[in-house]
Amino acid sequence: MQSVRESHTATSITVTAQILGDDNQNASTTLAYRYTASWSPEQPMQREGNRFLTRLTNLTPETTYEVRVTFSDPEGVEGTNPFFLTGIHLPRLSWFINFAHLDFLTEPLMINGDSMAIVHLYSNYPDYQWVGDPDEGIAAVDDAARGVIAYLRSFEKFSDEHSLRQAKLLLRFLFYMQGADGGFYNFIWPDYSINRTGATSNNDRFNWWAGRAVWAMGFAHKVFAEKHIESSLQSELEQRLDRAIGKAARFVTAANIFQTRFGFRVPANGWLLGEGADFSAEMVLGLAYYYESSQNSSARALLEKLCDGIAACQLGDAANFPFGLFLSTPNDIHLWHAWGSRQMMALAVAGKILQRQDWINAAKKAADNFYLHLLTSEVLAEINPSLQFYAQLNYGNASTVEGLIALHHATSEPQYAQWAGLFGSWWLGNNVANFAMYDSTTGHFFDGIEPSTVNRNSGGESVVEGLMGLQSAYFVEAARPFLFYREQQRHAYAILEAENFSEIMSGAPAVTSATTYGPARVSNGRYLRLREGDAVRYHVTIDNAAATNEEYFLYLQFSWETGNSDAVGVAVEVAGVSQLHAQGGAAATFLWVAQLPQK
């Protein structure tokens, strides 16, 4: 006799089979399944003691499956053989990846006789109705483009017609907003006319929103090509992408030319779009997907220039600040902000498509050092070069999660998926506010965590970014379980504010109140000013029971001064041993962070 049982989730079916009386364990079983008329190839089931087990994964939610199990035993098989399990209907994933609020924000329109849709800008607690901006408009390419990506990822995974229809309507809005020169305007007014002059909406240059439109259109082209659908829409995408690439390329005039900023060799102005590695990264994603599905030579040429420029914006390593991060822009001591920092993702995606291991290695360096620092210590919002912890946004967390998932796909190394899941747990309450930033029952992604409160508004940007980030982790089995982890204990870095010294050793040290120091932001709004002969002492207690068995690294944030390198500087001693003599000689005064040598 034999028995067969099954259990299922939205994307998997687990089948257990057993032959009673198989004492010599020489029986075997095979399994096939179907949801259409055709059966899958037979596959052997794995023996586990006296039973056989197979788990079918990556199945389609809201689909009905049938399973066939065939038994084989040299001594013969009694009873029903093969055995059929019918009517296995997989549930929806909507209980977790919930598009309800994005569906609400997405309004279908008819403009100039063309059907399209917009994503409304804001939606505020507690009633969550549509809210616009009197100075900008009611909707933007920025959010519509990311809405295209979120909907198409759902369609790519589940083949659901609703997501495809929404994505196509939003693509039509992007087409409406594209100028004749290939660039894009960003906002529309309440009467659906285009905001052509606003600083965050004009088409004077090739701007952030234009890069996002290319990302969405390039991704759409890839999905349609892989699915062998929408051939006429593919052709229109190609024409519009070619025009956009042509305009963007005219602003990349200094590829492979460097400048020196803050003592580092970084890309010169004119190498990166908008002088930003972050902006260029989102453009790269569109170029990479378009090239993958079309082999377009212009897309590849611009892609290679931008990726080389992004890789050249990487500073530091495992020990040296800023630990392998990619600058947001090489022109500013405001080194990095979490929002929009998709440089790691861009290099991983493009590196895999173009087989550029150097780009993948740069992405790995950022993950293995900078992002691992964040994961094991504190989520940051900005570094400039002081550490800023707020505001924590969906826009920032999604960039990190998507980057690590892309790196997992490029390397097949599981730790990157696991780290992505842990970063993604921020949405489910594993954050400094202990507050779930995503409500799976409504589809709300809350706007952000501030120093003393949670912003419970749920605007378009938060929703599209949250969906993209959560999709990235939840759709990858190696990442999914880690979304539900919670932090149990932490041994993170500690920040000692210089103005909080224990005692004055000599001179007359002064504490100055200021929020900025030159172009940099001052930690805690105060800094310590030392003149020749001034000295202070700090007493530090390490609150860690294992401290005697651990190694500690000390870093100093100081003003790198102009003037003769032998005449200015700051000396640091630890337990009476000289550790660092940070000198002058800089081209301009700026704040920087340096590691104290280990002695």
Side-chain angles (χ1 to χ4, degrees), residues 252 254-285 287-288 303-375 377 380 382-385 387 396 399-408 410-411 413 415-416 419-420 423 555 590 592-595:
V252 181
N256 300 309
I257 298 175
F258 291 85
Q259 63 178 330
T260 300
R261 289 280 186 178
F262 311 113
F264 292 94
R265 187 171 178 259
V266 296
N269 291 344
W271 187 346
L272 296 168
L273 288 171
E275 320 311 342
D278 45 9
F279 166 26
S280 296
E282 297 203 349
M283 180 72 176
V284 160
L285 292 168
L287 294 171
L303 168 68
E304 291 178 321
K305 291 177 182 178
L306 294 178
C307 282
D308 286 340
I310 292 168
C313 286
Q314 189 167 43
L315 298 184
D317 52 33
N320 295 299
F321 180 85
F323 310 118
L325 63 70
F326 295 104
L327 298 172
S328 293
T329 172
N331 279 348
D332 199 339
I333 196 66
H334 187 163
L335 303 176
W336 176 87
H337 45 72
W339 56 265
S341 283
R342 288 189 163 93
Q343 298 92 309
M344 175 170 58
M345 180 183 181
L347 292 181
V349 168
K352 181 181 180 183
I353 291 171
L354 268 64
Q355 298 184 335
R356 284 286 300 267
Q357 190 61 44
D358 56 331
W359 295 344
I360 295 174
N361 288 343
K364 281 171 59 68
K365 181 179 178 180
D368 293 343
N369 297 292
F370 176 66
Y371 286 99
L372 192 55
H373 272 292
L374 297 189
L375 182 61
S377 52
L380 295 178
E382 301 177 25
I383 301 176
N384 57 355
L387 307 183
S399 299
T400 300
V401 171
E402 288 188 284
L404 290 166
I405 290 296
L407 190 54
H408 167 67
T411 64
E413 295 181 29
Q415 70 270 25
Y416 299 124
W419 298 351
F423 273 108
Y555 293 83
F590 62 95
W592 196 247
V593 177
Q595 182 187 7

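Since this is a predicted model, take the numbers as computed values, not measurements.
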Return the [atom1] to [atom2] distance between [X] and [Y], rounded to the nearest 0.5 Å.
{"X": "K365", "Y": "F326", "atom1": "NZ", "atom2": "CZ", "answer": "8.5 Å"}
{"X": "L380", "Y": "F370", "atom1": "CG", "atom2": "CZ", "answer": "6.0 Å"}
{"X": "H337", "Y": "S399", "atom1": "NE2", "atom2": "OG", "answer": "10.0 Å"}
{"X": "F279", "Y": "I310", "atom1": "CZ", "atom2": "CD1", "answer": "11.0 Å"}
{"X": "L287", "Y": "S280", "atom1": "CG", "atom2": "OG", "answer": "10.0 Å"}
{"X": "E382", "Y": "L387", "atom1": "CD", "atom2": "CG", "answer": "11.0 Å"}

task: Evaluate the side-chain contact (heavy atoms from CB on, under 4.5 Å) criterion for residues L347 and N361: first the C-alpha distance (whole Å), next the side-chain angles of each, then the deciding distance (0.1 Å), finally the verdict.
output: CA-CA 9 Å; L347 292 181; N361 288 343; over 6 Å; no

Considering all heavy atoms, the nearest [X]-[Y] contact:
{"X": "M344", "Y": "T400", "answer": "CE-O, 4.0 Å"}
{"X": "W271", "Y": "K305", "answer": "NE1-O, 2.8 Å"}
{"X": "L325", "Y": "W336", "answer": "CD2-CB, 3.9 Å"}
{"X": "A346", "Y": "A281", "answer": "CB-O, 3.5 Å"}
{"X": "L306", "Y": "L272", "answer": "O-CD2, 3.9 Å"}
{"X": "V401", "Y": "F423", "answer": "CG2-CB, 3.8 Å"}

message: For K364 and Y416: C-alpha separation, side-chain torsions, deciding distance, then whether side-chain contact (heavy atoms from CB on, under 4.5 Å) applies.
response: CA-CA 9 Å; K364 281 171 59 68; Y416 299 124; 3.1 Å; yes

Between [X] and [Y], is there a donor-acceptor pair closer than 3.5 Å when you use the side chain of the first and the backbone of the second?
{"X": "Q343", "Y": "L327", "result": "yes"}
{"X": "Q314", "Y": "G324", "result": "yes"}
{"X": "S328", "Y": "D278", "result": "no"}

- request: Starting from the C-alpha separation in whole Å, work towards a yes-or-no answer on side-chain contact (heavy atoms from CB on, under 4.5 Å) for E402 and V349.
  value: CA-CA 10 Å; E402 288 188 284; V349 168; over 6 Å; no

query: So do E282 and L273 actually touch side chain to side chain, heavy atoms under 4.5 Å?
result: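 Side chain of L273 against side chain of E282, heavy atoms only: no contact under 4.5 Å found.
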
message: Checking D317 against N320: is there a side-chain donor and acceptor pair closer than 3.5 Å?
response: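 Looking only at side-chain atoms, D317 and N320 do form a donor-acceptor pair, the distance falling under 3.5 Å.
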
message: Under 3.5 Å, is there a donor on one side chain and an acceptor on the other for N331 and Q259?
response: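 On atom types as modelled, these side chains qualify, holding a pair under 3.5 Å.
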
query: Is there a side-chain contact (heavy atoms from CB on, under 4.5 Å) between L315 and F321 once you walk through the steps?
result: CA-CA 8 Å; L315 298 184; F321 180 85; over 6 Å; no

